[in-house]
Structure formats: structure tokens, C-alpha cells
Protein chains: 2
Amino acid sequence: MHPQDLAETRNLPLFRTMLSASFDALMQSAMTQRCPAGQELIRQGARAEYLHVVVEGSVELYAEWQGRRTTMAVVQPVGTFILAACVKDLPYLMSARTLEPSRVLLIPSSDLRAIFRRDPEFAVSIVGELAAAFRSMARHAKNLKLRTSRERIAGYLLKQSALAGGADRFVLQIEKRLVASYLGMTPENLSRALKSLEGSGVELHGHAVTITDRARLAEACEADVLIDGPDSEPLSDGVSLPGPALSED
Amino acid sequence: MHPQDLAETRNLPLFRTMLSASFDALMQSAMTQRCPAGQELIRQGARAEYLHVVVEGSVELYAEWQGRRTTMAVVQPVGTFILAACVKDLPYLMSARTLEPSRVLLIPSSDLRAIFRRDPEFAVSIVGELAAAFRSMARHAKNLKLRTSRERIAGYLLKQSALAGGADRFVLQIEKRLVASYLGMTPENLSRALKSLEGSGVELHGHAVTITDRARLAEACEADVLIDGPDSEPLSDGVSLPGPALSED
DNA sequence: TAGTAGACTTGATCTTTATCAAGGTCAGGT
DNA sequence: ACCTGACCTTGATAAAGATCAAGTCTACTA
């Protein structure tokens, strides 16, 4: 494993505060895997053997049922996934595959469980990470249940803009059909709704997005931190993270 | 607080394995609240001050946005809610209100955070509880995205039957309009779909449900443990919990 | 026990979204 | 530079679900 990656991993919220001895022990049995695009990393229903950390590339988390399929999340560097299944030693609820050539760090879940019992700081980090994952999934469900597809798309565009540092011009990071699946609609529906949003403050050329009238776009989805995020840091830090202001409900 | 309730609380997965000293400390600052039906306990967007434990009655977790509203979960004794917001000291993503006269135990979230840093066993329990909450919400989202409303209803009925010990006759625990909201549809739609399920192995009289042909009903939703649960105990226990078998995908 | 409010059902209609079927566009490989 | 396969768009149609508007039932209250 490259020292660079090791340092980046160490700096993740999940690993930042743990004891060095614990971190080293974890990394001892960890391994890095290099995968081509489209490779299935985990399959829903299988038992969780490794915590996965995306070091490079990107990974889609998706769920399947009766031949239908839906994107649940896209994980980008440096992010972790399937922590919940690992700590409970239960079957994955989602499958994962690479969207592009990627490198993934695999940490045996048995080691993970052993070490978080010994290192309280690590346990605290895991609690934080799990709580964040829960809140992210709760937002996803709220988005699906409370908004129309057009509203979800507008919200998605604003969120992507925020992730791009609040820029008015940015490029969609993932294919539109994946965006559609993530937002719970068909690609055709996404395509039409995107077109209808042109004229509500957005322009699209291929994957390039330009927000021409942020207020109009925000109006189309009534942005709300309790759905769109972000989770700012706890107030105890004294400040919240910089980021675009989202009106409270 | 009644000794009976204290014992029940102590026996929750969340509190069962923690040190007695820690438990006592937590309970020291905890208080029991008695509420009439329909009382709002927490409001989305507010900061998490207390972890809530439903000791008696039942509580609806719901989300609101732009005048729309959806039920996210119903918590019954003895269950906890909004743990994620408490441990991260962040605003609630959901509101909560009692569905009937209830008693709720309130545990200051600052104490919670302090004690789980000192008591590793408690931290382990919190991790388990959060992971379970995440998986439950992930299932909720999968259910919404992968199934039609008719399929979700069939799945709901089978799940309720399982919760009633696998009985073929049981009574719906919550109002149908709440079931509809939880399943992401209108009451009208639920009503019609329920009727269409009569003839697929179910009979309904008011809130009384009778499953006349379990196989037919299972066919209507293709039950799947990765959506419908339950999360069985980890294999390390050597056995899984008794319960109706759900076919794997 | 009668009245009443809320829940539930039913029907008619409309909107949203999915499905099916072609085209068109773009990028990567030969 | 062309071919090829994918993604994306567009149009026509169909299905699923929402909305609106009465009614009916039911359970609680007076």
C-alpha cells in the first residue's frame, strides 16, 4: 500500500482519532485491491467479510430485487462503505461495483470488530460514521417520499453545485442513467424533467451544468438542509462548515 | 420511574451489556414523561437534547416538507429513537408524536455522549443499535424504490404476521392511513390495493387481517429477507432467531 | 343511546411516471 | 476515419398512483 494512500486513510474521520497501534494493527491485515471498471465488489446477501475504503475511482452501491435494480449511493474517494453490515456481521443489503478503474482498501471485518472493542476512540469514530450513514439514508428516503421527481432533480443539481464548492458551472460526476436510478426514476423521465428545468435557472450541455438563476432553481425544489444536507459539524466546534446556505423549512 | 420500567429499560439491547455504574449514571439524569395521544415530542430541525425510549404507548416518527408529510417509522415499547441525532449532536431529521397516551424516557444526549466514551461495552451497544437503524432505513428505501405499492402492502402484511409470531390472524397495530403514509402512498390507494389483494390470499375485516393462503400472498410480493427482514442474530451465536422463512432473492 | 368527528371506502378524473420504440449523439477502439 | 456499442433523447402510449368529491362506517363523547 502506498504511503500516500496510507496517510489519506489515516486522515479519514473514521480513522483519524484512533490509537496509532490500533491503526497499524488494522492495516496489518488490510489489503489493497485494484479493479477494472464494472467489477462487482460485493453482492447483496453475502456475509460481510471486509470493510471497504475507496482509495481511487468510484463505486456504486445498488440493490436488486426481482430483476429490478436501483442505485442507492455512489462512493468516491476517500469514502467507506458497508460499515453497518461489518460491525453486525450480517449479510450485505446492497451490492457494490466499480464505475471506473479503482483501488479499494479491504479491512477484515473481524479485525474491525476486535479493535473497536479495544480502542474507545475508534469506537467513537465508528459511532459517528454510522450515525452519518443513517442520516444520509434517512434523507434519501425523505427525498423519495416527499418530493416529485422534478423536485428531486433540482435538489440534486443544487447539491452537486454545493459539492463543487458552490460553483455555478460544474460537470455531472456520474452518468445520467445512474442519477436517474439514484433519484428513483427512469432515464427517460430524468431526461424530460431536466429539459423542463431549463427555463427554471439551469442550462445543460451534455454533462456540463450551468446554473443561470440559482434562486429560480432553489424555488423548483425548496432546498432544505433536513433533506439535502449537509450535516454541519456539531456546534461544539463553534463554527459550521462553509457551504451554500439552504433555507430551513 | 417504576422499577418495572427500569428493569425493562436495562434489558434493552442498547443498555443490557453496559456497566451498572454507567447505567445508573444515565438514569440519574433521565426522566419519564407521560404524554396524551397526539403530543409532539420532537420537531424536525430542533437540536437533539434527549435520547427517547418508548416505555409505553407508541410514537410516530414522521418527516415534513412543504406542507407534505410522511411517516418514517412507528416505535413501540420498548424501543428507542433519534439515537443518530443524539450521538452527533445535530438537528433531528424527523419529528415525533405520540399515537396514543404514552410514557417516554428521556436521556440527556450530553450524558449519553459522555458515558459512551467511558464505557466501551455501551459504545459497542450503540454501534449495534445504529447499525440496525441504518439497515432498517436502507430496507425502507429499497422497498420504496424496488416495489410497487401493491407489493409493498403484501410485504407489510407478511411482516406484521411475522411480528405477531407468524400467526395467520392478527390485527393491524396502526391506523391504515399511517400504514399508507409509511408505505409511501395515499390512503385511497392503500384501500384499493388491499381490496385487490383479497383474492390473493388475504381477508380483511376492519383492522383484522386473516391470511388464507400464505403462498399466494408471498407470491404477490416475493418476500426477501434483504428487504423485509428480519435481521437475524450474527452467526457467531450459532443459531438464527425463530421466525417465518423468507425466500432469499 | 344518539350525535359527531375522524377514519375508511368508493367512484370519477387527472397527473405523474413507466414502458415501448425509434432515432440521435458521443467516445473508444480498430 | 470509421465502426460499434453505449448512453441519451424524443415521441407515443399505457399504467400507476394522486386528487377531488361523496358517501359509509366506527368509535368516542355527551
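Residue numbers begin at 1 in each chain, while the letters A, B, ... track the order of the sequences. Hydrogens, waters and symmetry mates play no part in the numbers below; they use all other heavy atoms, side chains included. Computed from a predicted structure; not experimentally measured.
Atoms OG1 and CG, on A:T71 and A:L183 in that order, are 9.5 Å from each other to the nearest 0.5 Å. To the nearest 0.5 Å, atom CZ of residue B:R192 and atom CG of residue B:L197 are 14.5 Å apart.
Per the geometry, CG belonging to A:N189 stands 14 Å off C1' belonging to D:dA15, to the nearest Å. For the pair A:R177 CZ and D:dA6 P, the interatomic distance rounds to 10 Å; values are reported in whole Å. If you measure from atom NZ of B:K176 to atom P of D:dC25, you get 14 Å, rounded to the nearest angstrom. The interatomic distance linking A:L172 (CG) with D:dT9 (P) rounds to 10 Å, in whole Å. Residue B:M185 contributes atom CE, which lies 20 Å from atom P of D:dA15 at whole-angstrom precision. Between the CG atom of A:L178 and the C1' atom of D:dC8 there is a distance of 13 Å, rounded to whole Å. Between the C1' atom of D:dA16 and the CZ atom of A:R68 lies a distance of 12 Å, rounded to the nearest Å.
Contact footprint of chain B on DNA chain C: nucleotides with an atom under 4.0 Å from a non-hydrogen protein atom, first to last in 5' to 3' order, C:dA7 to C:dA12.
Looking at heavy-atom distances under 4.0 Å, A:T186 makes contact with a base. Within 4.0 Å (heavy atoms only), B:R192 reaches at least one base atom of the nucleic acid.
Taking 4.5 Å as the limit, every side-chain heavy atom of A:V171 sits out of range of all side-chain heavy atoms of A:Q160.
For D:dC7, neither phosphate oxygen OP1 nor OP2 lies less than 4.0 angstrom from any side-chain nitrogen or oxygen of A:H207. Contact between the side-chain N/O atoms of A:K195 and the OP1/OP2 oxygens of D:dT10 is found at a separation under 4.0 Å.
In the model, B:S58 has a side-chain atom that pairs as donor or acceptor with a side-chain atom of B:E100 under 3.5 Å.
In the set D:dG17, D:dA18, D:dC7, the nucleotide with an atom closest to the side chain of A:E175 is D:dC7. For B:E188, taking side-chain heavy atoms from C-beta onward, the closest of the listed nucleotides D:dC8, D:dT19, D:dG11 is D:dT19.
A salt bridge does not link B:E219 to B:R214: none of the charged nitrogens lies less than 4.0 Å from a carboxylate oxygen. B:R152 and B:D228 are not joined by a salt bridge, as no carboxylate oxygen comes within less than 4.0 angstrom of a charged side-chain nitrogen.
Judged as a side-chain contact (heavy atoms from CB on, under 4.5 Å), and not counting sequence neighbours, the contacts of A:A218 are A:L158.
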